Amino acid sequence: MSDPRSDAAFLTRNAATAQPAGALEQRLKAAVDEGRQLRVKLGIDPTAPDVHLGHVVVLQKLREFQDLGHRVVLIVGDYTARVGDPSGRSATRPVLSPEEIDRNARTYQDQALRVLRNEPDLLEVRRNGEWLDMSMDAFLTLARIPKVAQLLERDDFAKRYAGGKPISLLEFVYPLLQGYDSVAIDADVELGGTDQTFNLLFGRDVQRAEGKPEQTVLTMPLLVGTDGSQKMSKSLGNHIGITEPAGEIFGRTMRIPDELIDPWADLLGMDLSSAEGQGPRERKRALARALCDRFAGAGEGEKAQDAFDRLFKDREIPDDIPLHGITGSVHLPALLADAFGVSRSEGRRSITQGGVRVNGDTWPSERLDVDAHELRDAVLQLGKRRFVKLVIEG
RNA sequence: GGGGGGAUGUCCGAGUGGUUAAAGGAGACGGGCUGUAAACCCGUUGGCUCUGCCUACACAGGUUCGAAUCCUGUUCCCCCCA
């Protein structure tokens with residue numbers, strides 16, 4: 001807890017980079033000498049309130065700083081969200097109203113607190129509107145800092161510029177604003193994914209220009225998503241949200257390629273020692289259990305695993321399945337549509353392909369209409385994992 | 001202000017008057033296999049009252065027997081020149 005060297009080694013063990021070299025250890029040492037906490041910054045974007053495992057990598061690192069007694073400063077980018085970031089190819093990002101930003105920020109905080117410690121000494125939440133809502137005068141002074149050539153060095157800008165793709169002035173200004181956040185809150189350390197490297201380092205330039213000590217930058221590798229190839233992101237649909245039900249977390253984790261087991265455990269801080277020395281199947285199950293316990297609640301891992309085994313290993317029908325009322329004569333495609341939220345055509349297709357079962361038996365593809373009484377209390381199944389119990393209504 | 005390019009199904013992306021509900025890929029879904037909701041193989045993938053009908057290629061009109069494909073206008077996006 002008080003040895004800067006081992007603390008630094010611990011904190012950087014799974015980080016992508018810590019810049020400049022050795023700076024973190026010095027910081028930690030200075031903190032001990034001066035008897036103060038480090039201020040560890042993370043900027044968050046209030047436009048996407050769903051926290052997934054990709055975010056957890058960085059949050060987990062923040063948690064480790066907290067556990068060592070340091071103070072995490074979350075910066076809600078409310079001001080920047082109000083302006084609307086045109087970043088990347090997503091042409092027009094919606095400009096959020098103050099109410100939406102508030103709601104998103106709160107949602108994010110609630111979720112982030114499943115990883116972070118919510119103690120007044122260890123967590124500080126700020127809005128960058130507090131200081132970015134500045135005068136033109138102040139802004140222009142700031143605007144002297146970045147040099148266009150420097151901004152153009154940044155990889156994605158360089159590529160887009162070379163390729164004749166648009167870059168808005170606002171995008172150019174973003175790193176500056178983000179860097180100014182570091183000035184405003186006196187960041188000692190800033191965390192982010194490797195994709196944020198430029199912005200994080202740029203924060204140092206802004207700090208220097210403002211006569212402040214330059215922050216140490218710690219970047220974390222990006223977590224590969226469930227598809228096993230691209231970084232986890234909501235828009236790619238390869239994410240696992242930390243508020244998802246345990247069954248979902250478990251199942252989707254079981255779906256990741258085996259090569260991802262160790263990187264995930266490492267970056268997410270999951271302990272797989274219970275499956276030490278065992279094969280990928282057991283190790284993956286241990287990982288899935290650990291994630292459920294961590295995010296859905298203690299004990300949820302066991303439960304999710306049991307349910308998973310029953311469903312996929314033993315091909316049994318799960319016990320708590322939702323009820324669905326039927327009445328009169330039933331058109332099966334319509335029933336599937338109602339019960340599972342697919343279109344009737346999709347339902348019809350599934351029947352044709354043998355993907356619909358009633359009480360475990362494949363439904364014959366010719367039969368599309370049936371009297372409700374014939375399906376009384378039957379279990380209707382679509383595919384491998386969607387079930388509904390039919391009850392007569394009225 | 002001037003010139004040019006573009007807008008296609010969930011996404012990417014072919015297609016420039018006629019078997020085009022629209023190639024191909026991704027994704028998704030179903031089936032097989034499996035330790036797995038992985039990999040791999042096979043199939044499906046606009047909607048519907050389904051051997052047919054309806055709606056679709058930015059929007060609105062027009063030309064034509066017939067258009068995503070040609071014309072006119074509108075909207076939005078991008079590039080270049082000023």
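Just so you know, these numbers use all the heavy atoms, side chains as well, and skip hydrogens, waters and symmetry mates. It should be emphasised that the depicted structure is a prediction, and the values quoted were computed from it without experimental measurement. Residue numbering restarts at 1 for every chain, and letters A, B, ... go by the order of the sequence lines.
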key: Member of Val330(A), Thr352(A), Ile351(A) meeting the side chain to side chain contact (heavy atoms under 4.5 Å, CB included) criterion with Leu368(A)   = Ile351(A)
task = Determine the interplanar angle of the Phe198(A) and Phe202(A) rings, folded into 0 to 90°, and report it as parallel if under 30°, tilted if 30 to 60°, perpendicular if over 60°.
result = parallel
query = Across all strands shown, which nucleotide pairs with C59(B) by Watson-Crick or G-U wobble geometry, both distances under 3.5 Å?
reply = G73(B)
remark   = From the list Ile326(A), Leu375(A), Leu323(A), Thr327(A), side chain to side chain contact (heavy atoms under 4.5 Å, CB included) partner of Val391(A) resolves to Leu323(A)
inquiry  = What's the gap between G24(B) and G43(B) when it is taken at their P atoms, as a whole Å value?
reply    = 12 Å
ask   = Looking at Thr17(A), Thr194(A), Asp195(A), which one forms a side-chain hydrogen bond (donor to acceptor under 3.5 Å, both in side chains) with Thr219(A)?
value = Thr17(A)
Per Phe312(A) side chain, nearest of listed nucleotides G47(B), A37(B), U49(B) = A37(B)
Length of the line joining Lys384(A):NZ and U36(B):C1', which is rounded to integer Å = 11 Å
request  = Indicate, with a heavy-atom threshold strictly under 4.0 Å, whether Arg357(A) touches base, sugar-phosphate, or nothing.
outcome  = sugar-phosphate
ask   = Rounded to whole angstrom units, what separation is found between the CG atom of Leu380(A) and the C1' atom of G30(B)?
value = 15 Å
Value in whole Å for how far the P atom of G30(B) lies from CG of Leu336(A) = 11 Å
ask   = To the nearest Å, how far apart are Phe387(A) CZ and A37(B) C1'?
value = 13 Å
request  = Could you state the atom-to-atom distance from CZ of Arg310(A) to C1' of U36(B) in whole Å?
outcome  = 17 Å
Between P of U10(B) and CD of Glu346(A), the distance in whole Å = 12 Å
message = Categorize Arg281(A) for me: base, sugar-phosphate, or nothing, with a 4.0 angstrom heavy-atom threshold over every strand shown.
response = base
inquiry  = What I want to find out is whether Asp306(A) reaches Lys303(A) closely enough, with some N-O distance under 4.0 Å, to be called a salt bridge.
reply    = no
query = Which residue, Phe250(A) or Pro333(A), contacts RNA chain B at a nucleotide closer to its 5' end, judged by nearest heavy atom?
reply = Phe250(A)
message = Between Ser350(A) and Phe308(A), which residue's closest nucleotide on RNA chain B lies nearer the 5′ terminus?
response = Ser350(A)
query = So, is Arg283(A) close to the A38(B) phosphate, meaning a side-chain N or O under 4.0 Å from OP1 or OP2?
reply = no
ask   = Can you check the Arg344(A) CZ to G46(B) P distance for me, whole Å?
value = 18 Å
remark   = Using Watson-Crick geometry (N1-N3 plus N6-O4 or O6-N4) or G-U wobble (N1-O2, O6-N3), each under 3.5 Å, U44(B) is paired with A28(B)
key: Euclidean distance for P, G18(B) against A68(B) (whole angstrom)   = 11 Å
ask   = U72(B) and C79(B): how far apart are their P atoms, nearest whole angstrom?
value = 25 Å
key: Partner nucleotide of G1(B) by Watson-Crick or wobble geometry (both distances under 3.5 Å)   = C81(B)
inquiry  = What's Asp258(A) touching, base or sugar-phosphate or nothing? Going by heavy atoms closer than 4.0 Å.
reply    = base
query = Do any side-chain nitrogens or oxygens of Arg386(A) fall under 4.0 Å of OP1 or OP2 in G30(B)?
reply = yes
ask   = For the side chain of Ser345(A), counting heavy atoms from C-beta on, which of A37(B), U49(B), G47(B) is nearest?
value = G47(B)
note = Of Arg36(A), Arg39(A), Gln215(A), Gln37(A), the one forming a side-chain hydrogen bond (donor to acceptor under 3.5 Å, both in side chains) with Asp188(A) is Arg36(A)
message = Distance criterion of 3.5 Å, no angle test: do you see the side chain of Arg385(A) paired donor-to-acceptor with the base of A37(B)?
response = yes
request  = Answer yes or no: is there a side-chain heavy-atom contact under 4.5 Å between Tyr180(A) and Glu210(A)?
outcome  = yes
ask   = Any idea which of U36(B), A38(B), G47(B) is nearest the Lys284(A) side chain?
value = U36(B)
request  = Would you indicate whether the side-chain heavy atoms of Leu336(A) and Arg344(A) approach each other to under 4.5 Å?
outcome  = no
message = Within the 4.0 Å heavy-atom criterion, would you say Gly251(A) contacts the bases, only the backbone, or no part of the nucleic acid?
response = base
Separation of the P atoms in G31(B) and U20(B), to the nearest angstrom = 31 Å
key: Whole-angstrom distance between G62(B) and C80(B), as gauged at atom C1'   = 32 Å
query = Is Gly347(A) touching bases, backbone alone, or none of the nucleic acid, heavy atoms closer than 4.0 Å?
reply = nothing
key: P atoms of U75(B) and C65(B), separation to the nearest Å   = 32 Å
inquiry  = Taking G5(B) as the reference, what is the distance to A58(B) when you measure between their C1' atoms (whole Å, please)?
reply    = 16 Å
ask   = With a non-hydrogen cut-off below 4.0 angstrom, is Ser343(A) in contact with a base, only sugar-phosphate, or nothing?
value = sugar-phosphate
ask   = Does C33(B) pair with anything, Watson-Crick or G-U wobble, both distances under 3.5 Å, and if so, with which nucleotide?
value = none
key: Separation of atom CZ in Arg285(A) from atom P in A37(B), rounded to whole Å   = 11 Å
request  = For C71(B) versus G6(B), give the span between their P atoms, rounded off to a whole number of Å.
outcome  = 12 Å
